[in-house]
Amino acid sequence: MSEQKTNNQFLEKRSSRRKFIKNSGLTVGGVVLGGALGSLLGKDSTEVTKESHVASKTSTNYNQALMYFDQAQFATIEAATEQIFPKTDAGPGAKELLVTYYIDHQLAGNWGLNAKEYMSGPFYPAEATALFGHQTHLNRQQIFDLGIEALNAEAKKQYDKKFAEVSDEEQIIILTAMEAGEITLNGAVSSSYFFKLLKSATIEGVYSDPLYGGNKDMQGWKMKNFPGHQMSYTDIIEKEEFVTFEPKSLNSQHNH
């Protein structure tokens, strides 16, 4: 086949594809898409196009999506984390910082499944110290499931409500008992172990990079004057005065 004939066939395919996209209303940006929708829905194409441009400017945090918890579990953990890291005059609490989304996303991955840890016996939950690490066959997903179940069961027993529905003071009473190991979980793990896990995950969610789901708008870092992921400190390293930075997340690398 001659080179000229090959080029002509290639150009014909490109032209055919462009016609298909145009006629299908799939052009990016809403211009052709708006026209197609307008004819289908009986709207003026200009009106639909304007609507699509307005929608494209709306800011959406796609990290606010559940990957492990259901809505009821999410509400329970959100209430518990807010008591562990509450909103104060110094800054937002766990709820505003989206900490529960951080925990949810971690549970949905390797951390929640203990995928990178030794998970075979023997287990000595009563005798072993913290030095020996994880002392149960349950993974973190299962421990959180049991912990959430216990929080709601205790709230039901004491106040005839779900944990997320009782007052702040009542939530603190339940969490204090859980931290002390005074609440029984329906599995091979203590309530104090679950509380320790929950507290640790909460703090991580407050101060981790926002790409993991928590620390919304880097507000956790701002409360600590933590600079985040700066490219370099060479221009200020010899300065005697304290220098503050506007914190940067890992996604800031795209702005250099």
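Quantities reported herein were computed from a predicted structural model and do not represent experimental measurements. Numbers here are sequence positions counted from 1. Atoms considered below: every heavy atom in the structure, side chains included; atoms not considered: hydrogens, waters and symmetry mates.
The distance from the CD atom of Gln83 to the CD1 atom of Ile173 is 11.0 Å, given to the nearest 0.5 Å. Atom NZ of Lys216 and atom CG of Asn61 lie 7.0 Å apart (nearest 0.5 Å). Summarising the geometry, atom CG belonging to Leu66 is positioned 7.0 Å from atom NE2 belonging to His105; distances are rounded to the nearest 0.5 Å. Taking CE of Met119 as the start and OG1 of Thr136 as the end, the distance is 7.0 Å to the nearest 0.5 Å. Rounding to the nearest 0.5 Å places CG of Asn139 at 11.5 Å from CZ of Phe144. With rounding to the nearest 0.5 Å, the separation of CE in Met178 from OG1 in Thr176 is 11.0 Å.
Contact check for Tyr193 versus Leu138: no side-chain heavy atoms found under the 4.5 Å cut-off. Taking the side chain as every heavy atom from C-beta outward, Glu82 and Glu96 never approach each other to under 4.5 Å. Looking at Leu107 and Met67, their side chains never come closer than 4.5 Å, going by heavy atoms from C-beta outward. Side-chain contact between Ile84 and Val99 is absent, with no heavy-atom pair separated by less than 4.5 Å. Taking 4.5 Å as the limit, every side-chain heavy atom of Tyr101 sits out of range of all side-chain heavy atoms of Asn63. Contact annotation: the side chain of Leu151 approaches that of Leu175 to within less than 4.5 Å [non-hydrogen atoms, C-beta and beyond]. Residues Ile103 and Leu198 are in side-chain contact: their nearest non-hydrogen atoms beyond the backbone lie under 4.5 Å apart. Residues Ser191 and Glu182 form no side-chain contact, since every pair of their non-hydrogen atoms from C-beta on lies 4.5 Å or further apart.
In terms of heavy atoms, Ala164 sits closest to Ala75 at CB-O, 3.7 Å. In terms of heavy-atom proximity, Thr100 sits nearest to Glu78 at OG1-CA, 3.1 Å. Pairing each heavy atom of Ala150 with each of Thr184, the nearest pair is CB-O, 4.3 Å. Between Ala155 and Val166, the shortest heavy-atom distance links the atoms CB-CG1, 4.2 Å. Summarising the geometry of Tyr118 relative to Ser120, their closest heavy-atom pair is CE2-O, 3.0 Å, with the distance given to 0.1 Å. Pairing each heavy atom of Met218 with each of Lys248, the nearest pair is SD-C, 3.6 Å.
One hydrophobic cluster, built from ILVMFWY side chains closer than 4.5 Å, cannot hold both Phe194 and Ile172; they sit in different ones. Tracing side-chain contacts under 4.5 Å through hydrophobic residues (I, L, V, M, F, W, Y), one never reaches Leu146 starting from Leu113; they form parts of separate clusters. Under a hydrophobic-cluster definition in which Ile, Leu, Val, Met, Phe, Trp and Tyr are linked whenever side-chain heavy atoms come within less than 4.5 Å, directly or via other members, Ile77 and Leu197 are assigned to the same cluster. A continuous path of ILVMFWY side-chain contacts below 4.5 Å connects Trp111 to Leu98, so both sit in one hydrophobic cluster.
Judged by distance alone, the side chains of Asn215 and Ser208 never bring a donor and an acceptor atom under 3.5 Å apart.
Considering only residues two or more places apart in sequence or on other chains, Phe163 meets the ring-ring contact (aromatic ring centres under 6.0 Å, His included) condition with none of them.
Between Trp221 and His229, the ring planes are perpendicular. Angles over 60° get that label, and only those under 30° would be called parallel. Using bins of under 30°, 30° to 60° and over 60° for the plane-to-plane angle, the ring pair Tyr212/Tyr102 lands in the perpendicular bin.
Glu240 CD: 12 or fewer foreign heavy atoms inside a 6.0 Å radius. Atom NZ of Lys162 sits in a sparse spot, with 12 or fewer heavy atoms from other residues, nucleotides or ligands closer than 6.0 Å.
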* Pair Phe69-Ile148, side-chain contact (heavy atoms from CB on, under 4.5 Å): steps then yes or no -> CA-CA 10 Å; Phe69 292 140; Ile148 292 168; 3.8 Å; yes
* Decide yes or no on side-chain contact (heavy atoms from CB on, under 4.5 Å) for Thr88 and Met223, but give the supporting numbers first. => CA-CA 11 Å; Thr88 66; Met223 286 188 281; 5.9 Å; no
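The side chain to side chain contact (heavy atoms under 4.5 Å, CB included) with Glu149 is formed by just one residue from the set Asn186, Leu185, Thr76; it is Asn186.
Between the side chain of Asp217 and the main chain of Gln219, no donor-acceptor pair closer than 3.5 Å is present.
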